[in-house]
Protein chains: 2
Amino acid sequence: MIHGGDIYSIGKKVIDFSSNINPLGSPANLKEHILNHFKEVEIYPDIKYRALKQKVASYLKVSENEVVVGNGAVEIINNAILMFPRIIIFIPCFIEYVLRSKLYNKKLLMFHLGSDFNVELKPLYEHIKKGDLVILGNPNNPTGKKIEEDKLLEIAKLTEKRESFLLLDETFHEFCDGYDSIELLRNFRNVIVLRAATKFFALPGIRLGYAYGKKEFAETYSKYELPWAVNTFAHLAANVIFDEEYINRSKEYIREQRNYMTKKLEEIKGIEPIKTDCNFMLIKLLKYDEAYIHDRLLERNILIRKCSTFPGLDNTYIRVAIKTREENDILLSALKDILEV
Amino acid sequence: MIHGGDIYSIGKKVIDFSSNINPLGSPANLKEHILNHFKEVEIYPDIKYRALKQKVASYLKVSENEVVVGNGAVEIINNAILMFPRIIIFIPCFIEYVLRSKLYNKKLLMFHLGSDFNVELKPLYEHIKKGDLVILGNPNNPTGKKIEEDKLLEIAKLTEKRESFLLLDETFHEFCDGYDSIELLRNFRNVIVLRAATKFFALPGIRLGYAYGKKEFAETYSKYELPWAVNTFAHLAANVIFDEEYINRSKEYIREQRNYMTKKLEEIKGIEPIKTDCNFMLIKLLKYDEAYIHDRLLERNILIRKCSTFPGLDNTYIRVAIKTREENDILLSALKDILEV
């Protein structure tokens, strides 16, 4: 398993802590909107994504010609990697940065995140050169850590100075507090900020990814884009999901549960939760390995993410989503049972 | 415009003869099925597509491990092109064979279709070598012609002997009568047959493409595949659309309308319809160019496909879909008006 959310291999009903989806579910009005416009599935989606880009642009507060869209964020990652000869990443990270780079025979520079899983500036200063693409998870998956504002500004300056590009994978953005990188980095020409409906809007099945980048980037990107990459239902979703009330309610809920989970996990012996900025937590196992904890939890119908498949992590880490209070309590109590016998 | 169906650039309501979709619309039970399973959009689709491949395999009468799926047929074409160093095609054809080959710097051999737009064997015998991918539309777009059974068998034998692959793009398959290439070519190791829900099942917006190929091909293909490329609604569609009654009724309707349109178009002066095997027709213009006919029809709220953007055709061709009897009559009468003044 190199990805979370694979409940299909389990063969029984589980509480899925392996995929990091908004526990409040998708925006309530989506189903009705899709129903009312169902007939549109019988015509080709706009190959230029005009209305879709308008909705996304308005949500991101950018221009329509600064938006690209894709069949989930992963397609935009894929196409961005195709566009550059050399890719620079820090591990652990989302494994597709590695897999897609290797598939296309790209040069790939991988550095380890520093102490506390923070991005290190030194290797960037030493290695970034013209034409590189630096990909940083912000917050990073599986660590949950958002890059500090000052450090991010410094990285953007460095990549611009070196005539390279910076792709911020922000598919978990809305779960976090603090700065908005699109606002923060508005004046840079070389920054791409990737987001998606998948996680925060709880729509992994609808496949809607979108990114902000300058017009020149968006134009080049369109050459790599497959026609009709975004399906009709994803188009329709963009009409209704960017709802302020839903967004604020979700952020508030996750903030509470993150604090609660952090506190409660810290109290459990034999594990060390890594401080997170978003809706999932990496946990260092001090007593057992990932397989033991995974299997014991699965006996209790709880699915978590083993982390040794992340480049840069070994089998002493697991990742868990932050879900509803009720579900979180089930996980906490199961972990206590397993670890504190 | 390099693709049909772009009604979004028109700015008014038109009868769209530029995209070739089943005029009977999508299978009736789809909407209810999606409604009943709407909640599934909140979980990741099966990254291994187990249930989906089962449904497709059963429809194609092949094994599950002989099926690949994609975000529309075009994604499978894209990934297949990525897998081979050299691509051989005949023009005119679907333009993405050319665009994707060029994007990935593949060697591309393009031959012209022969007289009556048929595939020529001579260039294949002369050029195919080990590792090539030959892509043939069957029926071809924009000519509507299905390859003769004997000729197809000969091509399959030749490509197998030369250790190359044959990709049959059969996205319009069900509209045609005659042999089924999957059945016909079952014993070849090197044949890929591509189909889709897009055209015959009238679901261009759902993005469901699928192909038959031997297990070894399917396994290699999976390395190129993006995770979760097929969305939840496309998964759901596969549960209900492969309905025999709907398929037979659609085939019968198209057969009737194809005969009707062929006869009626042949009676109109100044044009020469090219004999088609499926649900669209290429028309040679004898008096005017494509722009003139396109613009006169658009004044009457009818959108057709200009064909000079197809490699291998000039501006004296248009392509029209075969739609409902009522719509076909509107087109026929408009063409008469324009051409027989």
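Note on naming: letters A, B, ... go to the chains in the order of the sequence lines (proteins, then strands), and numbering restarts at 1 for each one. What you are looking at is a predicted structure, and each value in this text was computed from that prediction instead of being measured.
- Counting heavy-atom pairs under 4.5 Å between each of A51(B), G4(B), A234(B), S9(B) and chain A puts S9(B) at the top.
- In terms of modelled atom types and a separation under 3.5 Å, the side chain of N22(A) and the main chain of F200(A) share a donor-acceptor contact.
- Contacts of I34(B) with chain A are made by side-chain atoms alone, with heavy-atom separations under 4.5 Å and no backbone atom involved.
- Heavy atoms of S19(B) lying under 4.5 Å from chain A belong exclusively to its side chain.
- Counting heavy-atom pairs under 4.5 Å between each of I21(A), L35(A), I77(A), N78(A) and chain B puts L35(A) at the top.
- Contact of K39(B) with chain A is not made at all, since no heavy-atom distance falls under 4.5 Å.
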Practice item. Assess whether side chain to side chain donor-acceptor pair (under 3.5 Å) is satisfied between R305(A) and N20(A), documenting all intermediate values. Key: CA-CA 10 Å; R305(A) 179 78 154 87; N20(A) 309 319; over 6 Å; no
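- Within the 4.5 angstrom heavy-atom criterion, atoms from both the backbone and the side chain of L203(B) approach chain A.
- A distance of 6.0 Å or more separates the ring centres of F233(B) and H33(B).
- Counted within 6.0 Å of NZ on K55(A), heavy atoms from surrounding residues, nucleotides or ligands total 12 or fewer; the atom is thus considered open.
- Looking at L103(B), the atoms closer than 4.5 Å to chain A (heavy atoms on both sides) all sit in the side chain, from C-beta outward.
- In K13(B), the NZ atom is not crowded: 12 or fewer heavy atoms of neighbouring residues, nucleotides or ligands sit closer than 6.0 Å.
- Between chain A and the options L30(B), I47(B), L99(B), I43(B), heavy-atom pairs under 4.5 Å are most frequent for I43(B).
- Contact annotation for A229(A): both backbone and side-chain heavy atoms come within less than 4.5 Å of a heavy atom of chain B.
- The part of D6(B) that comes within reach of chain A is its side chain, from C-beta onward, which places non-hydrogen atoms under 4.5 angstrom from that chain.
- For the 3.5 Å distance criterion, the side chains of Y104(B) and R100(B) qualify, holding a donor opposite an acceptor.
- Between F94(A) and H3(A), the two ring planes are tilted [angle within 30° to 60°].
- Between chain B and the options D46(A), T232(A), L82(A), heavy-atom pairs under 4.5 Å are most frequent for D46(A).
- The candidate from E40(B), K223(B), R50(B), H235(B) with the greatest count of non-hydrogen atom pairs under 4.5 Å with chain A is R50(B).
- For I206(A), the parts lying near chain B are the backbone and the side chain together; criterion is any non-hydrogen pair under 4.5 Å.
- Residues Y8(A) and Y44(B) keep their aromatic ring centres 6.0 Å or farther apart.
- With a 4.5 Å cut-off on non-hydrogen atoms, I7(A) touches chain B through its side chain but not through its backbone.
- A donor-acceptor contact shorter than 3.5 Å links the side chain of S250(A) to the backbone of Y246(A).
- Of the two parts of K102(B), neither the backbone nor the side chain holds a non-hydrogen atom closer than 4.5 Å to a non-hydrogen atom of chain A.
- A donor-acceptor distance shorter than 3.5 angstrom exists from the side chain of K323(A) to the backbone of D16(A), with no hydrogens or angles considered.
- Only the side chain of T198(B) comes within contact range of chain A, judged by heavy atoms closer than 4.5 Å.
- In the model, D169(B) has a side-chain atom that pairs as donor or acceptor with a side-chain atom of Y97(B) under 3.5 Å.
- Both the backbone and the side chain of Y224(B) come within contact range of chain A, with heavy atoms under 4.5 Å apart.
- Neither the backbone nor the side chain of I2(B) comes within contact range of chain A; no heavy atom of the residue lies under 4.5 Å from a heavy atom of that chain.
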